[in-house]
Amino acid sequence: MSSSSSTPLVIVGSGPAGCTAAIYAARAALKPIMVTGMAPGGQLTITTDVENYPGFVDSVQGPELMEVMQKQAERMGTQIVNETITSIDVDSKPFRLHSESGHTFEAQTVIFATGASARWLGLKSEEQFQGYGVSACATCDGFFFRDKDVAVVGGGNTAVEEALYLTHHARKVTLIHRRDRLRAEHILQQRLFAHEKIDVLWNHTVEDVLGIDEPRSVNGVRVRAVNGTEEKTLSVEGVFIAIGHDPATALLRGKVDMDEQGYLLVRPGTATTNVPGLFAAGDVCDKVYRQAVTAAGMGCMAALEAEAYLAAQNVTPAGASTSS
C-alpha cells in the first residue's frame, strides 16, 4: 500500500550540507524530513581521519562525525528517513518526491544536497586502500603525507591543482598522465613544469596500487606504458586520483538549470536555483571547494532561504501532516 507524507521541507541527502540544513530547519520549526539516500552520511563515511573540521581538537573519524551530525539533526526535530528518492516533480506545488519503496513526499520546499562522487580508476586495489593512502582530495588528506613521496593521477585542472597543493606537504609529487600533453589551463601547466618537487610521467596508466594489509598502507603503484607492455613500479606512500567528480543530479536533469558537468546552478551568493522553492547545497553545486565545512555552510544558507521562502508564501509548519 502506498503512503504519503506532507511537510514544509524535504531535504534530499544526508552529508554535511543536508545535516546542517536539517539542524537549522528543525530549529525554525519547519518539521524537515531528511531522506538519506543510498549513501547515508555522504563521502565522509568513507573518510578516516578528519583533522580540519572546526570543533575537534583531535582528529575525528568521518563516519563518527556524520553520526554526530545526524543525531543532532534528529534531536532538533528532524525526521530521518532511510529511503532513496527515485523521481521528483518540480512543476507541481507542493513538490512531489517519490521513493524507491513507493512512498510519496509532498513538500513546499526542497533542499537538494545529494553531493558529488569522485571518479575512480576502477581497480580493486584502489578500493582496498581508499582512506589508507588512496584519496580523491589533496586538500583533505595532503597533511598526512608530509615529507613523503606521492603520485597524482590525471591531466586536467584538478590534477594539476592537486599536484601543486601537495608540494606544500610532500617531498616529491609524480603526476601520472595517460597522454603526452595535459588538458589543464596553460598558466597551471607553467606552474607545474616549473616546480622542482614535481615530475610528470607521460603516456602511462596505473595498473595497480601496491601496499600492505597490516597496518593497511600504500607503498607503491605499478604503471604501464600506453603504447607498449612496459611496466614499472613507483615507490610512493600516497596516490591521489584526480580524474573528476560526478554530481548526483540525474533526478533533476532537464528540470533545473545546471552546467555542462551536471552541477546545479545557484544564484551567486545564495543557495537558490532557478526553480522557486528548490534550493541546492554542498558538492551538488560546488565544484571548487568540495569541503565538509563549506558544504555545512551552504546547508545553513539553504535552510535559512527555505525558511524565508515559506514565510513569504504564508506556509506555516502547523500545516504538516502524514497520511497513508
Side-chain angles (χ1 to χ4, degrees), residues 39-53 56-67 117-155 158-178 195-226 228-245 290-292:
Q43 290 191 81
L44 278 184
T45 58
I46 59 170
T47 303
T48 51
D49 292 333
V50 178
E51 291 192 331
N52 55 3
Y53 198 87
F56 295 88
V57 175
D58 300 316
S59 63
V60 59
Q61 295 290 299
E64 179 186 354
L65 177 58
M66 292 319 307
E67 182 181 1
S117 57
R119 296 175 192 158
W120 299 96
L121 300 174
L123 303 174
K124 184 177 180 180
S125 57
E126 171 189 55
E127 182 178 354
Q128 177 186 357
F129 290 106
Q130 278 182 29
Y132 297 91
V134 172
S135 171
C137 180
T139 52
C140 306
D141 300 324
F143 180 78
F144 300 111
F145 296 90
R146 287 166 294 176
D147 300 320
K148 296 180 179 180
D149 293 348
V150 301
V152 176
V153 182
T158 299
V160 174
E161 288 167 351
E162 298 264 281
L164 289 167
Y165 175 83
L166 286 166
T167 61
H168 299 302
H169 302 289
R171 178 173 54 205
K172 178 184 175 183
V173 180
T174 301
L175 181 69
I176 303 170
H177 187 41
R178 61 182 178 174
H195 206 292
E196 59 183 10
K197 281 189 175 184
I198 300 177
D199 289 337
V200 180
L201 180 61
W202 303 104
N203 299 311
H204 278 74
T205 59
V206 173
E207 296 292 299
D208 203 11
V209 178
L210 310 175
I212 58 175
D213 291 328
E214 190 59 43
R216 196 184 311 181
S217 57
V218 168
N219 58 24
V221 289
R222 189 173 74 249
V223 297
R224 180 191 296 270
V226 172
T229 58
E230 174 204 355
E231 287 189 350
K232 59 182 175 181
T233 297
L234 304 181
S235 179
V236 296
E237 294 180 70
V239 181
F240 291 83
I241 311 301
I243 56 177
H245 288 74
R290 294 197 296 262
Q291 300 297 301

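Bear in mind the structure is a predicted one, so any value in this text is a computation, not a measurement.
The side-chain contact (heavy atoms from CB on, under 4.5 Å) test with T205 singles out one residue from V223, V226, L121, and that residue is V226.
Summarising the local packing, CD of E51 is surrounded by more than 12 heavy atoms from other residues, nucleotides or ligands at distances under 6.0 Å. Within 6.0 Å of NZ in K172 there are 12 or fewer heavy atoms belonging to other residues, nucleotides or ligands.
Within the model, atoms CG of N219 and CZ of F129 stand 7.5 Å from one another, a figure rounded to the nearest 0.5 Å. To the nearest 0.5 Å, atom CZ of residue F144 and atom OG of residue S135 are 9.5 Å apart. The CG atom of L44 lies 6.0 Å from the CE atom of M66; values are rounded to the nearest 0.5 Å. For the atom pair CZ (R119) and NE2 (H245), the distance works out to 9.5 Å, reported to the nearest 0.5 Å.
A distance-only check finds a donor-acceptor pair linking the side chain of E126 to the backbone of G122 [under 3.5 Å]. No donor-acceptor pair closer than 3.5 Å links the side chain of H168 to the backbone N or O of L166. At distances below 3.5 Å, at least one donor-acceptor pair connects side-chain atoms of R216 with backbone N or O atoms of Q128.
Closest of all the heavy-atom pairs between V152 and A159 is CG1-O, 3.6 Å. For C137 against Q291, the heavy-atom pair with the smallest separation is SG-NE2, 3.7 Å. Across V150 and A170, no two heavy atoms sit closer than the pair CG2-CB, 3.9 Å.
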Checklist entry - Given L210 and D208, is the side-chain contact (heavy atoms from CB on, under 4.5 Å) satisfied, shown in steps? => result CA-CA 6 Å; L210 310 175; D208 203 11; 3.9 Å; yes
Next on the checklist: What verdict does the side-chain contact (heavy atoms from CB on, under 4.5 Å) test give for V173 and L164, after you've listed the backbone C-alpha separation in whole Å, the side-chain angles of each residue and the deciding distance to 0.1 Å?
Outcome noted: CA-CA 8 Å; V173 180; L164 289 167; over 6 Å; no
Next on the checklist: Applying side-chain contact (heavy atoms from CB on, under 4.5 Å) to N52 and F143, what does each step give before you reach the verdict?
Outcome noted: CA-CA 10 Å; N52 55 3; F143 180 78; over 6 Å; no
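Remark: S217 engages I212 in a side chain to side chain contact (heavy atoms under 4.5 Å, CB included) (not counting sequence neighbours). Residues satisfying the ring pair (Phe, Tyr, Trp, His ring centres under 6.0 Å) test with H169, not counting sequence neighbours, are Y165.
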Which atom pairs, one a donor and one an acceptor, fall under 3.5 Å between side chains of residues 229-238 and the rest of the protein, sequence neighbours left out?
residue	atom	partner	partner atom	Å
E231	OE1	R222	NE	3.4
E231	OE2	R224	NH2	2.5

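Between D141 and F240 the shortest side-chain heavy-atom distance falls below 4.5 Å. V221 places none of its side-chain heavy atoms less than 4.5 Å from the side chain of V153. V134 has its side chain within reach of W120: a pair of non-hydrogen atoms, C-beta onward, lies under 4.5 Å apart.
Between D149 and R171 there is a salt bridge, since a side-chain N of the basic residue sits under 4.0 Å from a carboxylate O of the acidic one.
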